[in-house]
Number of protein chains: 2
Amino acid sequence: MTNNLKVERAIHNMTQADLALKIGVSRQSINAMEKNKYVPSTVLALKVAKLFNKPVEDIFFLEETD
Amino acid sequence: MTNNLKVERAIHNMTQADLALKIGVSRQSINAMEKNKYVPSTVLALKVAKLFNKPVEDIFFLEETD
DNA sequence: TCTATATGTAAAGTATTCTTTACTTTTGAT
DNA sequence: ATCAAAAGTAAAGAATACTTTACATATAGA
């Protein structure tokens with residue numbers, strides 16, 4: 001899975017720390033997520049999507065390997 | 001978080017085992033998911049949504065406590 | 001009623017998410 | 001060039017997702 005987090009943050013002019021705070025995870029979790037170090041939970045995905053006002057599918061993308 | 005899995009399965013006339021197979025998890029995972037025993041990963045949510053042809057938000061729902 | 005299929009549940013184990021602390025590197029502004 | 005903010009990374013630990021095996025219960029049709 002990949003994601004658009006970095007772009008969305010840029011659009012909304014937010015730092016990783018900002019986003020982390022809003023969503024309720026650590027900054028490192030956001031960083032790792034952006035770097036595709038792990039797959040976040042559906043709750044996190046829904047929160048991010050809600051925050052950025054976009055469907056989950058516009059932010060998180062399945063890959064062949066998933 | 002809650003979800004619509006049971007309804008979607010009914011619409012598509014699928015058993016828990018069918019769904020599990022299609023998505024690539026164990027039947028018990030589907031059962032537990034339906035019973036809100038845990039929060040699935042975003043990959044699972046995306047796969048389910050794709051299978052049922054609906055946005056993730058139409059199948060998985062945030063709650064106050066999330 | 002008998003039988004097959006579907007669902008529910010439990011427990012132990014493995015894998016992965018996410019946290020905390022802490023340090024390094026990058027980037028951008030002055 | 002310097003400094004501060006932002007981003008990257010690492011490692012150890014806690015919490016939780018997910019598997020496997022196994023058995024119990026429910027549901028529906030012959």
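Proteins get letters first, then strands, A, B, ... in listed order; numbering begins at 1 in each.
- Taking atom NZ on A/Lys35 and atom C1' on C/dT25, their separation rounds to 12 Å, with Å as the unit.
- One interatomic measurement links the two molecules: NZ of A/Lys6 to C1' of C/dT26, which rounds to 11 Å at whole-angstrom precision.
- In this structure, B/Leu19 atom CG and C/dT5 atom P are separated by 20 Å, rounded to whole Å.
- If you take CD1 of B/Ile23 and P of D/dA17, they are 16 Å apart, rounded to a whole angstrom.
- In this structure, the CG atom of A/Leu44 is 13 Å from the C1' atom of C/dT16, given to the nearest Å.
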Show me the protein contacts with nucleotides 19-21 of chain C, counting only N or O atoms at under 3.5 Å.
| residue | atom | partner | partner atom | Å |
| --- | --- | --- | --- | --- |
| C/dT19 | OP1 | A/Ser26 | N | 3.2 |
| C/dT19 | OP2 | A/Ser26 | N | 2.8 |
| C/dT19 | OP2 | A/Ser26 | OG | 2.8 |
| C/dT19 | OP2 | A/Ser29 | OG | 2.2 |
| C/dT21 | O4 | A/Gln28 | NE2 | 2.8 |

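- Here the P atom of nucleotide C/dC18 and the CD atom of A/Glu34 are 15 Å apart, to the nearest Å.
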Expected list for residues 44-52 of chain B: side-chain donor-acceptor pairs under 3.5 angstrom, two or more places apart:
| residue | atom | partner | partner atom | Å |
| --- | --- | --- | --- | --- |
| B/Lys47 | NZ | A/Asp66 | O | 3.4 |

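- Counting to the nearest Å, the C1' atom of D/dA5 and the CE atom of A/Met14 are 16 Å from each other.
- The minimum heavy-atom distance between B/Ser41 and A/Val39, with the atom names listed, is CB-CG1, 3.9 Å.
- For the OP1/OP2 pair of C/dC18 and a distance below 4.0 Å, the side-chain nitrogens and oxygens of A/Ser41 include at least one atom meeting the criterion.
- A sub-4.0 Å separation between OP1 or OP2 of C/dA6 and a side-chain N or O of B/Arg9 is absent.
- Under the 3.5 Å distance criterion, the side-chain polar atoms of B/Asp18 are matched with a main-chain donor or acceptor of B/Thr15.
- Here B/Lys22 pairs with nothing under the salt bridge (Lys or Arg N to Asp or Glu O under 4.0 Å) rule; sequence neighbours left out.
- B/Lys37 has its NZ atom 13 Å from the C1' atom of C/dA11, to the nearest Å.
- Considering every non-hydrogen atom in both B/Asn36 and B/Met1, the closest pair reads OD1-O, 3.3 Å.
- Between B/Asn31 and C/dG8, a side-chain N or O to OP1/OP2 separation shorter than 4.0 Å is present.
- When all heavy atoms of B/Ile59 and B/Lys54 are compared, the closest pair comes out as CD1-CB, 4.1 Å.
- Residue A/Asn31 holds its CG atom at 6.5 Å from NZ of A/Lys37, rounded to the nearest 0.5 Å.
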